[in-house]
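Throughout, numbering of the chain's residues begins at 1 and tracks the sequence.
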Amino acid sequence: MAASNCLAKIRSSYGILSEKEKKIADIILEDPQNIIHSSINEVADRLKVADATVFRFCKRLGFKGFQALKIALASDIVGPLQDIHETILETDSPAQVAEKVFQSNIRTLEDTRRMLVEKNFQNAVDCLLSASKIEFYGNGGSGIIAMDAHHKFIRTGKQSIAYTDTHFQLMSASQLTERDAAVFISHSGTNKDLLQVLSVAKENGCRTISLTDYAKSPLSEKSDISLHTIATETEFRSEALSSRIAQLSVIDALYVNVMMAGKEAAKESLQRMRSAISEKKI
C-alpha cells in the first residue's frame, strides 16, 4: 500500500491549504512536468512567495523537502497526467455521464488504495479485533457510511452500533471505556460536533479511529489511528460525493479482515443472522 502519489496528496489536502499554498498546489496540478524541472527558487519567484513558503508546503504534504516532492511527482507522471473521463460536459449523453462517473469512482478507489498506510490499516484492524464494542459515528452523508459500517459489522458477532445524531453520539461516547473502539467518519475531518464526541470518547480511554479525506485535519490528528481516502472534485460532483465510494471500500476491507480473524465465531454469527432473515423471505 502507501505509494507517494503526490498529485493525489495535493488534491486531498487542497481544502486545508493557505491561500499561498493553494497557489503552489495550482501550478503543480496544472503543469507537473514543468515543476520537475524547476528549482525551489524558480517556483517561489514565479509565485512571488518566499522559498520557505514552498518548503512548508512540501512538509505539509509529508515530504522532507522540495526535492523529495519532485521525485514523487516524477513517479506520478510516468503514466497519463489527466483522466480523459474526468470532465463531465453539459452536452454529454446520459450514457457518457454514466461512463465518466464510473471512471471517476475507479480513480478514487485506485488513489485511495495507493495512499493507504499499511501500518495504520493494520493498527485499525487490531483495534477493532480487540474491542468489546465498536461504535461508528458520522453526520450527514458520512452518517450513511456509519450506518453501512454497522450493517456490516453486526455480522461479525461483535457488539456494534452507529449513531448519526449528535446528542445520541455524545450520550453514547460518555459510556465508552478503554475496552471499546469508536470509528469517526468525516470527509473534511473538521466537523465540530464529531470533534466534541471524539474528545468525550478519548476522555474515557476509548481507542479512536478516524476515516477522512484530509490527512492534516483536526479529526485525523486527534484520533489514535487515522485512515484516509482520496477523492477529486468535478463541476457536477463534489469531493464528498466521490469519497463515499472510497469510505465504503475502506470499511469493507476492515470488515473482511475482522471476519477472517474471527473465523468460527464470525461464521456462527453470520449463520444465525441468515437464519433469522430467511424468515422474512417468501
Side-chain angles (χ1 to χ4, degrees), residues 1-18 21-22 25 56-64 72 108-109 111-128 131 134-143 145-146 149 162-163 166 169 173 176 180-203 205-233 238-251 253-254:
M1 296 188 239
S4 60
N5 211 4
C6 182
L7 295 174
K9 282 185 178 181
I10 293 173
R11 295 188 191 100
S12 173
S13 302
Y14 195 86
I16 58 172
L17 298 177
S18 68
E21 289 171 336
K22 284 180 179 177
R56 283 195 299 271
F57 170 82
C58 298
K59 295 286 285 184
R60 182 184 282 269
L61 293 178
F63 298 106
K64 292 182 178 179
T108 294
L109 290 173
D111 286 346
T112 297
R113 180 183 60 81
R114 287 193 294 266
M115 286 292 290
L116 206 57
V117 179
E118 187 169 354
K119 180 180 179 181
N120 289 4
F121 187 79
Q122 182 64 60
N123 288 341
V125 171
D126 292 342
C127 177
L128 296 174
I134 304 170
E135 299 202 348
F136 297 94
Y137 299 125
N139 297 332
S142 295
I145 308 300
Y163 292 104
T166 302
Q169 289 170 348
L176 294 173
D180 305 321
V183 182
F184 295 81
I185 304 166
S186 169
H187 169 68
S188 68
T190 59
N191 185 287
K192 289 183 179 179
D193 290 336
L194 273 189
L195 286 168
Q196 185 180 7
V197 178
L198 176 73
S199 178
V200 171
K202 288 182 71 68
E203 284 175 5
C206 176
R207 291 161 294 173
T208 57
I209 301 170
S210 63
L211 178 57
T212 75
D213 210 57
Y214 298 106
K216 297 295 183 179
S217 69
L219 193 62
S220 291
E221 294 184 333
K222 292 180 180 180
S223 59
D224 297 317
I225 303 166
S226 58
L227 302 174
H228 308 112
T229 55
I230 298 289
T232 55
E233 185 170 332
S238 71
E239 289 177 85
L241 289 176
S242 297
S243 69
R244 288 180 310 169
I245 300 296
Q247 289 172 342
L248 287 168
S249 297
V250 172
I251 293 294
L254 291 171

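The environment of Lys202 atom NZ is dense: over 12 non-hydrogen atoms of other residues, nucleotides or ligands sit within 6.0 angstrom.
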Please walk me through it: do Ile209 and Phe184 pass side-chain contact (heavy atoms from CB on, under 4.5 Å)? CA-CA 6 Å; Ile209 301 170; Phe184 295 81; over 6 Å; no

Walk me through it: do Gln169 and Thr166 pass the test side-chain contact (heavy atoms from CB on, under 4.5 Å)? CA-CA 5 Å; Gln169 289 170 348; Thr166 302; 4.2 Å; yes

Please walk me through it: do Leu194 and Ile185 pass side-chain contact (heavy atoms from CB on, under 4.5 Å)? CA-CA 9 Å; Leu194 273 189; Ile185 304 166; 6.0 Å; no

Give the C-alpha distance, both sets of side-chain angles, the deciding distance and a yes or no for side-chain contact (heavy atoms from CB on, under 4.5 Å) between Leu254 and Val125. CA-CA 6 Å; Leu254 291 171; Val125 171; 3.9 Å; yes

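Phe63 is listed as a side-chain neighbour of Cys6, based on a closest heavy-atom distance under 4.5 Å. In this structure, Leu211 and Ile251 have side chains that are in contact, with non-hydrogen atoms separated by less than 4.5 Å. Side-chain contact check for Glu221 versus Ser226: every heavy-atom pair is 4.5 Å or farther apart. Side-chain contact between Leu61 and Ile10 is present, with heavy atoms from C-beta onward closer than 4.5 Å. Within the 4.5 Å cutoff, the side chain of Val250 has heavy atoms near those of the Thr112 side chain. The shortest side-chain heavy-atom distance between Leu128 and Val183 falls under the 4.5 Å cut-off. Residues Phe57 and Leu17 form a side-chain contact, since some pair of their non-hydrogen atoms from C-beta on lies under 4.5 Å apart.
For Thr190, the side chain to side chain contact (heavy atoms under 4.5 Å, CB included) partners are Ser188, Pro218, not counting sequence neighbours. Scored by the side chain to side chain contact (heavy atoms under 4.5 Å, CB included) test, Ala162 finds Phe136, Ala146, Met147, His150 as partners (sequence neighbours excluded).
Side-chain contact annotation: Ser243 with Asp213, donor-acceptor N/O pair under 3.5 Å absent. Side-chain contact annotation: Glu21 with Ser18, donor-acceptor N/O pair under 3.5 Å present.
One finds the CD atom of Gln247 at 8.0 Å from the NE2 atom of His187 (value rounded to the nearest 0.5 Å). Annotation: the span from Asp180 atom CG to Glu135 atom CD amounts to 7.0 Å, rounded to 0.5 Å. Distance check, rounded to the nearest 0.5 Å: CG of Asp126 to CZ of Phe121 gives 10.5 Å. Note that CG of Leu248 is 9.5 Å distant from CG of Leu109, once rounded to the nearest 0.5 Å. The distance from the CD atom of Gln122 to the CD1 atom of Ile225 is 10.0 Å, given to the nearest 0.5 Å. Considering NZ of Lys192 and CG of Asn139, their distance stands at 14.0 Å, rounded to 0.5 Å.
Between Cys206 and Ala182, the shortest heavy-atom contact is SG-N, 3.6 Å. Smallest separation of non-hydrogen atoms from Gly189 and Thr212: CA-CG2, 4.0 Å.
Of the possible polar contacts, one joining the Asp224 side chain to the Thr208 backbone as a donor-acceptor pair under 3.5 Å is found.
None of Ser217, Ser186, Ser223 except one satisfies the side-chain hydrogen bond (donor to acceptor under 3.5 Å, both in side chains) rule with Ser210; the exception is Ser223.
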